[in-house]
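As structure tokens, the structure follows; a few thoughts come after it.
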Amino acid sequence: MFDSFVIVDWSAASQPKTGRDSIWICAVDRDGVERLVENPQTRHSAKNLLRELLSDATARGERVLLGFDFPFGYPAGFAQRLGLNHAPPWRAVWDEIAERLKDAENNSNDRFTVAAEFNRRVSNRAFPFWGCPVRFTDDFLGPKHHNGHAADGLAEKRLIDRWMVGAQPCWKLAYTGSVGSQSLTGIPVVRALRDDPRWAQRARIWPFETGLAVPDAAQIVFAEVWPSWWRRDIRGDYGPPNDKAQVRTVARIFASADGTGALPMWFVGDPDLTAEQRRVVETEEAWTLGVTRARQRAAPAPTPTLPRLRGRGAPCVNRADETLPRKRGREDRRASGGPVGAEIASRVRKYTYLRDPEAIYRASFAAIRAEADLPRFPAVQRSLALRLAHAAGDVAILDDLVSSRGAVQAGRRALAAGMPILVDAEMVAAGIIRDRLPAQNRIICTLHEAEVAKLAAAQRTTRSAAAVELWRPHLQGAVVAIGNAPTALFRLLELLAEGADRPALVLGFPVGFVGAAEAKEALTGFGGGLGYVALRGRRGGSALAAAAVNALAAGTRA
């Protein structure tokens with residue numbers, strides 16, 4: 001069903017934070033092989049990273065499932081009590097939260113103020129939201145549970161939360177299990193990603209926009225997940241911290257379920273829901289993907305062996321039964337079993353496949369050498385060609401690989417001298433194996449600097465092109481890796497034509513149907529001794545740009 005699976009462990013922290021109880025993101029391909037494990041310190045940077053990830057995936061024509069670990073909906077009747085009578089109830093609530101919540105780039109936010117205003121509109125008192133810091137005082141939000149649900153007509157929990165024994169209520173904003181704060185800060189991010197004009201027509205929120213059914217027509221599917229549903233399957237050696245172990249494990253569980261044919265049944269939810277329950281789930285409350293029965297304990301979901309994450313991970317030790325400490329937020333809900341019933345588990349197949357990471361790499365490189373005719377390239381360029389073919393999974397791209405004389409040597413000398421690496425997208429930076437860089441080289445991405453948006457508006461260009469303006473102080477002798485935006489490459493060439501300092505090497509791998517081929521033709525025809533490596537035509541991407549940097553850093557090793 002899907003080409004990649006992304007699991008996001010969210011956080012409502014009010015200041016930048018990494019490590020335990022912060023944001024963790026893991027992306028794996030359909031075989032469960034990690035493409036990305038990141039721990040962005042703010043929600044703003046997490047949103048940008050996810051946007052870059054989706055941009056790369058859609059450019060490759062991939063189908064993506066994104067799971068977020070917070071509730072997508074509220075108990076039935078919330079929209080009406082807020083006075084929101086337009087659009088589907090879930091969307092009206094999402095729009096209202098996104099319009100009112102102020103969430104700054106440094107993670108400071110006004111979620112308690114927003115909740116207090118919602119309480120005023122719903123009940124004119126401190127109901128239904130509750131929980132706040134001591135320093136926050138407002139007549140319409142209290143620090144303790146109000147115990148008002150029976151009298152005031154809004155349920156404390158959604159149907160799915162009652163199905164999963166121990167679920168925390170989405171009204172709870174503070175203290176252990178404050179899933180309500182995660183929803184208030186997370187829903188605007190999912191909404192912005194879903195509505196990005198680059199893929200809005202191909203993106204869907206499950207089950208609000210798809211119903212409790214397989215979303216066959218969508219290229220990007222956003223869903224609510226709960227990692228603790230698989231608590232006994234969480235791999236302790238995928239952390240620490242526990243949050244990291246959870247996203248890495250659950251991403252593989254989804255990929256494995258897709259491979260075994262179990263995943264389509266998860267989108268149906270509980271088949272025994274009544275027609276009215278389905279209506280409430282599909283229009284207001286949402287559902288947690290993977291929960292197919294209420295409060296049942298089931299056989300463990302399959303957990304595939306984890307290959308080493310290149311440059312980041314450690315060898316995997318199978319400790320699937322290890323018990324992990326609880327985390328704050330949504331993960332404090334007690335485990336109530338897995339989503340796979342005996343009828344599903346009985347169909348799980350066993351496959352014969354390579355499991356040792358080093359053996360996989362050896363076999364991959366041997367296949368490339370057998371198919372790619374590497375001797376046609378100069379000896380100094382063969383390891384670069386090998387790694388590009390490996391990153392693309394396609395030796396045919398090498399037919400379009402071009403470079404200037406001495407380009408590879410110039411790039412290696414620049415890295416050895418400690419020169420910086422300038423990248424046009426965070427996904428390029430994420431793919432560079434930092435501990436293999438020869439001189440702890442700085443990786444600079446200016447795309448999300450505060451002044452970029454103003455520059456883009458003033459110059460009537462893309463943010464990617466405007467971000468190149470901030471490269472000027474770093475260009476002299478640098479390695480430039482462009483794996484996403486053709487406009488960034490065009491603007492770089494314009495700056496160089498105007499007399500800006502020359503980089504040692506430009507790696508030109510922008511991707512797309514508009515401008516990518518033309519930008520690379522402009523690079524190869526620029527002249528003046530500018531060093532370059534490029535892939536002619538539309539193909540490219542952040543993974544290839546990062547692979548080119550990694551090949552330069554590795555020298556002739558492969």
Checking side chain to side chain contact (heavy atoms under 4.5 Å, CB included) against Leu36, which of Val6, Val28, Ile25 comes through? Ile25
For the pair Phe267 and Trp206, name the ring-plane relationship: parallel under 30°, tilted 30 to 60°, perpendicular over 60°. perpendicular
With a 4.0 Å cut-off, would you call Glu451 and Lys454 a salt bridge? no
Can you measure from SG (Cys170) to CZ (Phe72) and round to the nearest 0.5 angstrom? 13.5 Å
Is Arg121 salt-bridged to Glu96, going by a charged N under 4.0 Å from an acidic O? yes
Contacts of Arg43 meeting side-chain hydrogen bond (donor to acceptor under 3.5 Å, both in side chains) (sequence neighbours excluded), chain-then-number -> Asp103
Criterion side chain to side chain donor-acceptor pair (under 3.5 Å) on Arg463 and Thr487, from CA distance to verdict: CA-CA 9 Å; Arg463 291 172 62 251; Thr487 56; over 6 Å; no
Arg63 to Phe2, cation-pi by 6.0 Å centre distance and 45° axis angle: yes
With no hydrogens and no angle check, do the side chains of Thr288 and Glu224 hold a donor and an acceptor under 3.5 Å apart? yes
Can you tell which of Lys172, Arg81, His149 makes a side chain to side chain contact (heavy atoms under 4.5 Å, CB included) with Pro128? His149
The criterion is ring pair (Phe, Tyr, Trp, His ring centres under 6.0 Å); which residues satisfy it with Phe118, sequence neighbours excluded? none
Determine the minimum heavy-atom distance between Ala481 and Val549, stating which atoms define it. CB-CG2, 3.9 Å
Closest approach of Arg293 and Pro271, non-hydrogen atoms and distance? NH1-CD, 2.9 Å
Is a side-chain donor or acceptor of Thr462 paired with a backbone partner of Ala465 at a separation under 3.5 angstrom? yes
Carefully, step by step, assess Phe127 and Phe129 under the rule ring pair (Phe, Tyr, Trp, His ring centres under 6.0 Å). CA-CA 5 Å; Phe127 169 88; Phe129 289 99; 9.4 Å; no
Looking at every heavy atom in both Ala251 and Cys26, which two are closest together, and how far apart are they? CB-SG, 4.1 Å
Any ion pair linking Arg472 and Glu469 (charged N to carboxylate O, less than 4.0 Å)? yes
From OG (Ser178) to CH2 (Trp171), nearest 0.5 Å: 15.5 Å
Between Thr210 and Arg204, is the side chain to side chain donor-acceptor pair (under 3.5 Å) condition met? List the steps. CA-CA 7 Å; Thr210 65; Arg204 296 292 183 270; over 6 Å; no
Any salt bridge (charged side-chain N to carboxylate O under 4.0 Å, His left out) involving residues 51-62? Give me the pairs, sequence neighbours left out, ordered by first then second residue. Arg35-Glu62, Arg51-Asp196, Arg60-Glu62
Between Arg91 and Asp95 (salt bridge meaning N to carboxylate O under 4.0 Å), is one present in this structure? yes
Between Phe78 and Tyr74, how do the two ring planes meet: parallel, tilted or perpendicular, split at 30° and 60°? tilted
Under a 4.0 Å N-O cut-off, is there an ion pair linking Glu105 with Lys47? no
Modelled atom types, side-chain donor and acceptor of Thr185 and Trp10, under 3.5 Å: yes
Smallest heavy-atom separation, Ala203 atom then Arg194 atom, equals O-NH2, 3.1 Å
Phe513 ring centre to Arg538 NZ or CZ under 6.0 Å, with the angle to the axis within 45°? no
Mark yes when over 12 heavy atoms from residues, nucleotides or ligands other than Gln80 sit less than 6.0 Å from its CD; otherwise mark no. no
For the student: nearest non-hydrogen atoms of Pro264 and Met1, plus distance: CG-SD, 3.5 Å
When Asn109, Ile97, Asp110 are each screened for side chain to side chain contact (heavy atoms under 4.5 Å, CB included) with Leu184, the one that passes is Ile97
Tyr238 six-ring face occupied by Arg252 cation (under 6.0 Å, within 45°): yes
For a side chain to side chain donor-acceptor pair (under 3.5 Å) check, start with the C-alpha distance between Ser22 and Asn39, then their side-chain angles and the critical distance, and finish with the verdict. CA-CA 7 Å; Ser22 63; Asn39 182 206; 3.0 Å; yes
Exercise: do Thr249 and Arg235 side chains pair donor with acceptor under 3.5 Å: no
Parallel under 30°, tilted from 30 to 60°, perpendicular over 60°: which one fits the rings of Phe254 and Trp230? perpendicular
With a sphere of 6.0 Å drawn around CG of Asp139, does it hold more than 12 non-hydrogen atoms of other residues, nucleotides or ligands? no
Hey, could you give me the CG/CE distance between Asn48 and Met427, rounded to the nearest 0.5 Å? 12.5 Å
Closest approach of Ala116 to Leu141 (non-hydrogen atoms, all atoms of both residues): CB-CB, 3.9 Å
